S.K.: 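Quick one: structure below, then a few questions.
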Protein chains: 2
Amino acid sequence: MAHSTVYDVAHKAGVSIATVSRVVNSPEKVNLETRTKVLQAIDQLGYVPKAEAAARARKSAGRIAVLAPFFTYPSFVQRLRGVANALAHLPYEMTVYNVDNTARRDSYVTSLSLTRRFDGLILMALPFTQVTVERLVNNSIETVSIEVTHPSFSSIEIDDHAGGRLAADFLIRKGHKRLGFIGDTDLPDLAFPTSDRRLTGYRAAVRDAGLELDPLNISLAAQSLQNGRHSMHALMSQPHPPTAVFCASDTQAMGALKAAHELYLNVPRDVAIVGFDDLDFADYIGLTTIRQHLEESGRLAVELLLSRLENRARPIKNVRLTLEVIERETT
Amino acid sequence: MAHSTVYDVAHKAGVSIATVSRVVNSPEKVNLETRTKVLQAIDQLGYVPKAEAAARARKSAGRIAVLAPFFTYPSFVQRLRGVANALAHLPYEMTVYNVDNTARRDSYVTSLSLTRRFDGLILMALPFTQVTVERLVNNSIETVSIEVTHPSFSSIEIDDHAGGRLAADFLIRKGHKRLGFIGDTDLPDLAFPTSDRRLTGYRAAVRDAGLELDPLNISLAAQSLQNGRHSMHALMSQPHPPTAVFCASDTQAMGALKAAHELYLNVPRDVAIVGFDDLDFADYIGLTTIRQHLEESGRLAVELLLSRLENRARPIKNVRLTLEVIERETT
DNA sequence: TGCTTACATGAAAGCACTTACAAGTATAAC
DNA sequence: GTTATACTTGTAAGTGCTTTCATGTAAGCA
């Protein structure tokens, strides 16, 4: 009963595949008797010509593709939730492509847009080359980029640099003088280096305040709870540990918090911790953090995409989402 | 430049059509130099592969579909991570369908399976009707179901009932006599009622121990941190609050923990809390929980699926994953 | 230096159909 | 009883693309 082909039908009806094809495409060319026989076989086998099915679906793919590095990072998940919710009652499905190695990334966008069928593309924190851009534009694939801006696309970005400053200014205003930082090792090329940018802004603000960011107080590792914890242990076991640590993500901050407890440090008395993202759980562990509107970014990406999909004449928009310090119990 | 084909591109780039195809579909397999040459030719000719022809020639769709209710629940995300990782270096992409209402659930399976847009299907915690089963079987769509078992499919399940017992036995052994439960309101039809089953097992074990589960000590609500918190507040503000609470998910347990802190209750002295899932963060908040192997379940689902995809003659497998109590600081 | 291994590539065999072409049969016309 | 004509139908040659297989070449190693 599986998916049958012209061959199956032909065999069952005792005719050639050409006849089957004719019955489907120009029935008047085939004798009534034969035609009936073939139609019967078609019904019995539940035969659906593939091309036709494809053609029917061709109007619109009804799919929007989302490319994200490490889509299981909480921050990406939260963005995805925004995308999924926005798409929930629309005739579009979402395909998530997980970009997890550099080799793949380079060509992924290219080959995807050429090979796969979808109506729109959402790029999450993926840097791209000019060639990629041109290819997407040439194939008129409507694209929205989150975190990375480009004049050819609609985009949604946050000012990571300003986010870093925000954290530093906040901590300095609280009286801290020895500041630390826990961030991502940059995976060159793979994902957009938000952590680096946050660090740059952080450092700039520290300098502006006449302070210095000791390289020993900076620890970088791949983003994870475990690494956040290790980084914190490393920072705090120095002769002159920082009195406040800014983490490039809430995940790392959570790991840092764990480490602080393990070291019997009182947070925020002994050391203050600031995260970044304001994930769901941040509120629940009382984490002070820089809020970026993750779910909203996903929702907005869909909105921008669909708006252009409906009417290509609409202008490309580059939206910048605001950041804010959410003060809780870790500072 | 009308419609160019692989042949045109191949000719212009001085390579074979096979190489052109490879550049489009798996660029990493072709030498950078050659690739550049071909891409140049592609750009110059404005070549766009005909999806229809590709679909015809491609034996498999190269897609596996994952249907999940509320895919942004942490437990589903963790399963998805297992799926994504298992698929990472295989020629399959993953499409996540978020099922958020019953109507959609049925239509997905129907329409998607009819157009045969994917090779395999993973159903996460989705109950299905016999009609659906038949449709899938008729269209010979290889399916693996997680959490729900059916003789026609491979499946991966856990014994929720036993999980509930495990939690109760553990708490009773710790000396608790007034037990509480925080679980999901069942969304009839939409998702598999794991929470209910855990409650049933929990209650049974409590009875077996000669105790009683007071209905006032049970609070059900849609799964979320907020609701977990509210439920805990409700339970603990009674005249006879429980001394231990089992939550049907770690998310709810985290909310409950938050509530306990807000009420200045010492955990575990005043009230013990046990979760379910053992999510990433459980270890970090010291949550005692019933561990189920989420990521592994995703990995395994892919394994079962691919095994049957390679060779349909292989038997259908119904795997039961074990559960265990992970004792931490909340009990 | 000879031998194994990995990589890059082209030839060729599909895929699921469509369609031009030719052949066979029945009917009509002489 | 031929021959012309209209119908049917099967054969086989495309269609544009993917992928296996085999071969040639470059690199690794003792």
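Below, chain A is the first sequence line, B the second, and so on; all start at residue 1. Bear in mind the structure is a predicted one, so any value in this text is a computation, not a measurement.
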S.K.: Rounded to the nearest Å, what distance is computed from the CD atom of residue B:Glu33 to the C1' atom of nucleotide C:dC7?
M.R.: 14 Å
S.K.: Given atom NZ of A:Lys29 and atom P of C:dT18, what is their separation to the nearest angstrom?
M.R.: 12 Å
S.K.: C:dG10, D:dT9, D:dG10: which one has an atom nearest the side-chain heavy atoms of A:Ser16?
M.R.: D:dG10
S.K.: Can B:Glu303 and B:Arg299 be counted as an ion pair, charged N to O under 4.0 angstrom?
M.R.: yes
S.K.: What nucleotide, of C:dC17, C:dT18, D:dT8, holds the atom closest to the side chain of A:Val6?
M.R.: C:dC17
S.K.: Indicate yes or no: does A:Glu147 engage A:Arg197 in a salt bridge with an N to O separation below 4.0 Å.
M.R.: no
S.K.: Quick check against the 3.5 Å criterion: does A:Thr251 have a side-chain atom that pairs as donor or acceptor with the backbone of A:Leu225?
M.R.: no
S.K.: Consider the side chain of B:Ser21, meaning its heavy atoms from C-beta on, and name the nucleotide among C:dG10, D:dT19, D:dT9 that approaches it most closely.
M.R.: D:dT19
S.K.: So which heavy atom on B:Asp280 is nearest to which on B:Arg81, and how close?
M.R.: OD2-NH2, 3.3 Å
S.K.: Between A:Ile17 and B:Val20, who's closer to the 5' end of DNA chain D by nearest nucleotide?
M.R.: A:Ile17
S.K.: Choose from C:dT9, C:dA12, D:dG10 the nucleotide whose nearest atom is closest to any side-chain atom of B:Ala18.
M.R.: C:dA12
S.K.: Please report, rounded to the nearest Å, how far the P atom of D:dT8 is from the CZ atom of A:Arg35.
M.R.: 9 Å
S.K.: Return the nearest nucleotide to the side chain of B:Thr5; candidates are C:dA8, D:dT11, D:dG16.
M.R.: D:dG16
S.K.: OP1 or OP2 of C:dG14 less than 4.0 angstrom from a side-chain nitrogen or oxygen of A:Tyr7, does that happen here?
M.R.: no
S.K.: Nearest heavy-atom pair of A:Arg79 and A:Ile146: which atoms, and what distance?
M.R.: NE-CG2, 3.5 Å
S.K.: Between C:dG10, C:dT18, D:dG10, which nucleotide gets closest to the side-chain atoms of B:Arg22?
M.R.: C:dG10
S.K.: Between C1' on D:dT8 and NZ on A:Lys37, what's the gap in Å once rounded to a whole number?
M.R.: 12 Å
S.K.: Do any side-chain nitrogens or oxygens of B:Thr34 fall under 4.0 Å of OP1 or OP2 in C:dT9?
M.R.: yes
S.K.: So, is A:Thr19 near the phosphate of D:dG10, with a side-chain N or O under 4.0 Å from OP1 or OP2?
M.R.: yes
S.K.: Expressed as a whole number of angstroms, how long is the span from B:Leu32:CG to C:dT9:P?
M.R.: 10 Å
S.K.: May I have the distance from A:Asn31 (atom CG) to C:dT27 (atom C1'), rounded to whole angstrom?
M.R.: 14 Å
